[in-house]
Protein chains: 2
Amino acid sequence: MQKTGQPTINDVARIAGVSKKTVSRVINKSPLLNGDTRLRVETVIADIGYIPNPQARALALRRNYLVGLVHDNPNAQTVMNVQRGMLEGLQGTEFELVVRPLNRGAQSMLSDLRYFLERQRLFGVLLMPPISENESIVQLCREIGCRYVRMCSVSLDDDAHMVASNDREAVRGAVAYLIEQGHRRIGLIAGPQGFRSATERRAGFEDALREAGLPLQRSLIAGGDYTFESGLVAAERLLDLTPRPTAIFSSSDTMAAGVMHAARARGLDIPRDLSIIGFDDTPVAAHVWPPLTTVRWPTVSMGRSAALKLISGVGEEEELVEEPSLFISTLIRRGSVAPPID
Amino acid sequence: MQKTGQPTINDVARIAGVSKKTVSRVINKSPLLNGDTRLRVETVIADIGYIPNPQARALALRRNYLVGLVHDNPNAQTVMNVQRGMLEGLQGTEFELVVRPLNRGAQSMLSDLRYFLERQRLFGVLLMPPISENESIVQLCREIGCRYVRMCSVSLDDDAHMVASNDREAVRGAVAYLIEQGHRRIGLIAGPQGFRSATERRAGFEDALREAGLPLQRSLIAGGDYTFESGLVAAERLLDLTPRPTAIFSSSDTMAAGVMHAARARGLDIPRDLSIIGFDDTPVAAHVWPPLTTVRWPTVSMGRSAALKLISGVGEEEELVEEPSLFISTLIRRGSVAPPID
DNA sequence: TTGTAGGCGTTATCAA
DNA sequence: TTGATAACGCCTACAA
């Protein structure tokens, strides 16, 4: 045993009376191995508490047992949820999670990421939206041989590289619920341009109107950028309309909170005078008054599945469980929706 | 150059006509080096774009260029803020951030952490509250030679190992503000037992009352665990009191949101009938109605400073900027406080 | 089925 | 001030 106290492959080999390579084979579950030998080595490993050194493996394999989460922080809670899901998926494996925020706006974004991936020789990365939509980033991953899974509001890639939510259908359902309640003048606060999630959610909104035979009025659509302030401003514009919309679908909870403030500032009661539905189900949704009806997408599950996809085929022994690629969102009905009064 | 395309130290040595060790000395800024040689080597390094391989260094040095964030996820936003701060501090260095959540309740917590730290040979870790208060964890770090910085609501260690907020004083100030507004019956919703932050905030609350010569009534203190539900329940108990408190200080924003719901359920208007102050300044504070007056602690700055402390003395060249150890919180005045009406 | 030799890219030792 | 040589702990190729 070394002075560091950590037993190495040499210690195992010596004690078990075999060569290093044999130990290596045991560790890596090589199929061509005598059962006896394997058992003997495994016993020694368990006995002295040997753990393979990840740094040495990384050097020899030219590949690190590190999985990355690359994101652009649109929403802290969402990032944390995905992170938690990934950690669940990585639980019990030899992989660790490395988090890497990126600045979407920066010129150097691509080179930053390349530097990071090449240097650390990540095993794989989960690309969160909206950067998962950037094809040159995906191209980079392919180029340098880094596994990747993309997370997005719609499928953009094959199943092995994708965890997608069904934003369009989810929003369609949410708006259909509003229509069911009797609403006919429904406003939309859309997400920022260039975000696939914004496009999908808007499409879902339009789907619902079309299905119900309701006209699509441009004036009832306002743009936002997922922030509270943008929701506030957009809502002010919509609430200035005559006749006023009786309901608003906001493409994010945070913007929905802005809508609530705008409504309150005009003395409108929610949901009596205005119904609101948000998207995300972040903590704020449950904590505002009235509690916000919203669309919840399974961020934790998506993170977990993505992690499992990233490392699939590594442990060999682990069943090749088919991880899903499409994740269904659900409408969480709380107190911000009621039938219109007029 | 290897087939991988990444130039190695050997390439540099060959081209510069020196030995590997000399290149190594240049990389590591060894002082005993001829200026000419250094310049020549540096030129070659820049020319061919050589980047030292972190895995190889980790193996040779028995130490990884990885910094960990160990937390127990009390609050997603707080964790994200700290994480962001750390990444700012690590920006431009060779260090990467690894995130590691821990389950405070689990029996295996300590062994989980040991396994993680020993295996990955982390350079250092930032311990977030409340696990930063666990002395056996700190002991573990010392034992295995992993640098650490503790983040807490009060100083628990020497400056090199500490970033502390001044919760007690901050809460004292917040409650003093309530008293200034004319409140005399002020309720406290305390944090969970065993959390240092809970103790500190409570102490600050008591300080303020004492200073103002107000009696400390046990009945005006309710316990919570930082969750929304616990805040709701605690507030219900306080609001059942006769006479009712005219103000409540809640030890977290999330609990404060619960207080708001409880107040609303009784038809109380905030801040007319009840003033509320929270703690954390999470997004929910700004988004509830009325916007919550709260205490903001500089989580991002604390993360940044902690990261800088962790890696201080590594780059050699970088100035040994004295990073602060005490961080001052500020009272963010919004709309949830008004003078009492009775 | 198992072992030997050599390499992964870096740093440490010690001599020149 | 520099350089040869040997770690660091593991894996691949090839041989036995």
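Chain letters run A, B, ... following the sequence lines, proteins first, then strands; residues in each count from 1. Only heavy atoms go into these numbers, but all of them, side chains included; no hydrogens, no water, no symmetry mates.
To the nearest angstrom, P of dT10(C) lies 12 Å from CD of E94(B). Put simply, CZ on R38(A) is 9 Å from P on dT2(C), counting in whole angstrom units. For the pair Y65(B) OH and dG9(C) P, the interatomic distance rounds to 18 Å; values are reported in whole Å. Here the C1' atom of nucleotide dT10(C) and the NZ atom of K29(B) are 16 Å apart, to the nearest Å. Atom-to-atom, CZ of R62(B) to C1' of dG9(C) comes out at 16 Å; the value is rounded to the nearest Å. As a whole-Å value, the separation of N34(B) CG from dG3(D) P is 11 Å. Residue Q120(A) contributes atom CD, which lies 14 Å from atom C1' of dG9(C) at whole-angstrom precision. Counting to the nearest Å, the C1' atom of dG9(D) and the CD1 atom of I45(A) are 14 Å from each other.
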(message) salt bridge (charged side-chain N to carboxylate O under 4.0 Å, His left out), that's the test. Do E96(B) and R100(A) meet it? Break it down for me.
(response) CA-CA 8 Å; E96(B) 292 296 336; R100(A) 181 75 189 191; 3.2 Å; yes
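Here S19(A) does not reach the OP1 or OP2 of dT4(C): none of its side-chain N or O atoms lies under 4.0 Å away.
The residues E88(B) and R304(B) are annotated as salt-bridged, a charged nitrogen and a carboxylate oxygen being separated by less than 4.0 angstrom.
S136(A) is listed as a side-chain neighbour of L110(A), based on a closest heavy-atom distance under 4.5 Å. For the pair R84(B)/P101(A), no side-chain contact is recorded, criterion being any heavy-atom separation below 4.5 Å from C-beta on. Counting heavy atoms from C-beta on, the side chains of R119(B) and P54(A) come closer than 4.5 Å. Two residues are said to be in side-chain contact when any heavy atoms from C-beta on lie closer than 4.5 Å; M109(B) and N134(B) meet this criterion.
Among all heavy-atom pairs drawn from N103(B) and D72(B), the shortest one is CA-OD1, 4.3 Å.
Both the sub-6.0 Å distance and the 45° axial angle are satisfied by R63(A) relative to the ring of F123(A). Taking the centre and axis of the six-membered ring of Y148(B), the NZ or CZ atom of R142(B) falls outside the cone set by 45° and 6.0 Å.
Position along DNA chain D of the nearest nucleotide to V18(B) versus L59(B) favours V18(B) as the more 5'-ward residue.
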(request) Can you check each nucleotide of nucleotides 10-16 of chain D against protein heavy atoms at under 4.0 Å and return B for base, S for sugar-phosphate only, - for none, in 5' to 3' order? (result) BBB----
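End-to-end axis angle of the helix from dT1(C)-dA16(D) to dA16(C)-dT1(D), using five pairs per end and rounding to 10°, comes to 30°.
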